[in-house]
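Notes follow the structure.
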Amino acid sequence: MDQDYGANIISITDEDGVEYELEVLSSVTYKGAEYLALTAADADDEAEELEVSILKSVMEDGEPILVAVEDDEELETVYDLLMQNIFDDEEEDEEEGDES
């Protein structure tokens with residue numbers, strides 16, 4: 001998969017040439033690898049449940065690509081780290097809002 005990093009939106013192209021716009025909700029480094037929590041860029045912010053994908057950034061032929069996390073234990077650990085990151089970011093945003 002190819003990807004172009006923007007502010008919080010990335011564009012990826014899958015093996016079939018289909019392009020997707022995804023919003024990066026959070027990222028975390030675990031055991032030397034970067035993991036991203038992603039959702040569709042056009043997802044409804046008001047939806048009760050947001051569909052989130054967790055992908056791992058790996059180097060292939062000198063290019064970073066995003067791949068699915070196959071190991072359940074690795075996925076669970078990374079999920080917990082990403083959710084903690086998102087929770088911490090929300091708390092920081094609330095505290096900044098209180099200072100205004």
Side-chain angles (χ1 to χ4, degrees):
M1 284 183 248
D2 293 331
Q3 68 236 358
D4 297 317
Y5 289 96
N8 282 337
I9 304 292
I10 63 171
S11 175
I12 66 170
T13 305
D14 69 12
E15 300 86 20
D16 299 324
V18 178
E19 190 171 320
Y20 299 92
E21 296 288 320
L22 301 171
E23 179 180 358
V24 179
L25 300 175
S26 185
S27 65
V28 68
T29 301
Y30 173 69
K31 291 190 175 181
E34 183 178 20
Y35 297 82
L36 304 173
L38 305 160
T39 190
D42 59 358
D44 182 7
D45 290 338
E46 301 301 317
E48 281 191 32
E49 289 191 26
L50 195 60
E51 186 174 321
V52 176
S53 298
I54 297 174
L55 298 177
K56 181 179 183 177
S57 179
V58 297
M59 297 299 281
E60 185 173 288
D61 298 326
E63 296 283 325
I65 64 167
L66 296 174
V67 298
V69 180
E70 301 292 331
D71 181 85
D72 289 340
E73 186 176 320
E74 176 184 9
L75 182 61
E76 186 175 321
T77 300
V78 169
Y79 173 84
D80 290 341
L81 292 169
L82 286 164
M83 291 304 108
Q84 186 61 46
N85 255 8
I86 291 170
F87 180 74
D88 289 347
D89 288 347
E90 286 177 359
E91 279 188 343
E92 287 176 18
D93 289 345
E94 287 176 10
E95 288 173 7
E96 288 173 8
D98 291 343
E99 295 172 7
S100 307

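- Within the model, atoms CD of Glu23 and CG of Asn8 stand 6.0 Å from one another, a figure rounded to the nearest 0.5 Å.
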Scan the side chains in residues 73-80 for donor-acceptor partners under 3.5 Å anywhere in the protein, sequence neighbours excluded, and list what turns up.
residue	atom	partner	partner atom	Å
Glu74	OE2	Tyr35	OH	2.3
Glu74	OE2	Lys56	NZ	3.3
Thr77	OG1	Glu73	O	3.0

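- Glu21 and Ser11 are linked by a side-chain donor-acceptor pair at a separation below 3.5 angstrom, with hydrogens and angles left out of the test.
- The hydrophobic clustering, which links ILVMFWY residues whose side-chain heavy atoms are closer than 4.5 Å, places Ile86 and Tyr30 together.
- Under the 4.5 Å side-chain heavy-atom criterion for Ile, Leu, Val, Met, Phe, Trp and Tyr, Ile12 and Val18 are members of the same hydrophobic cluster.
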Please evaluate residues Leu82 and Ile54 with respect to the criterion side chain to side chain contact (heavy atoms under 4.5 Å, CB included), reporting the C-alpha separation (whole Å), side-chain torsions for both, the decisive distance (0.1 Å), and the verdict.
CA-CA 9 Å; Leu82 286 164; Ile54 297 174; 3.9 Å; yes
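- Heavy-atom minimum distance, Ser26 versus Asn85: OG-CB, 3.2 Å.
- Counting heavy atoms from C-beta on, the side chains of Leu25 and Val52 come closer than 4.5 Å.
- Annotation: side chain of Ile65 is in contact with side chain of Val58 (closest heavy-atom distance under 4.5 Å).
- Shown here are the side-chain contact (heavy atoms from CB on, under 4.5 Å) partners of Asp61, two or more places apart in sequence or in another chain: there are none.
- Partners of Ser27 under the side-chain contact (heavy atoms from CB on, under 4.5 Å) rule, at least two apart in sequence or in another chain, are Glu34, Leu36.
- Using a 4.5 Å heavy-atom cutoff, the side chains of Ile10 and Leu38 are in contact.
- In this structure, the separation between CD1 on Ile9 and CG on Asp42 is 9.5 Å, given to the nearest 0.5 Å.
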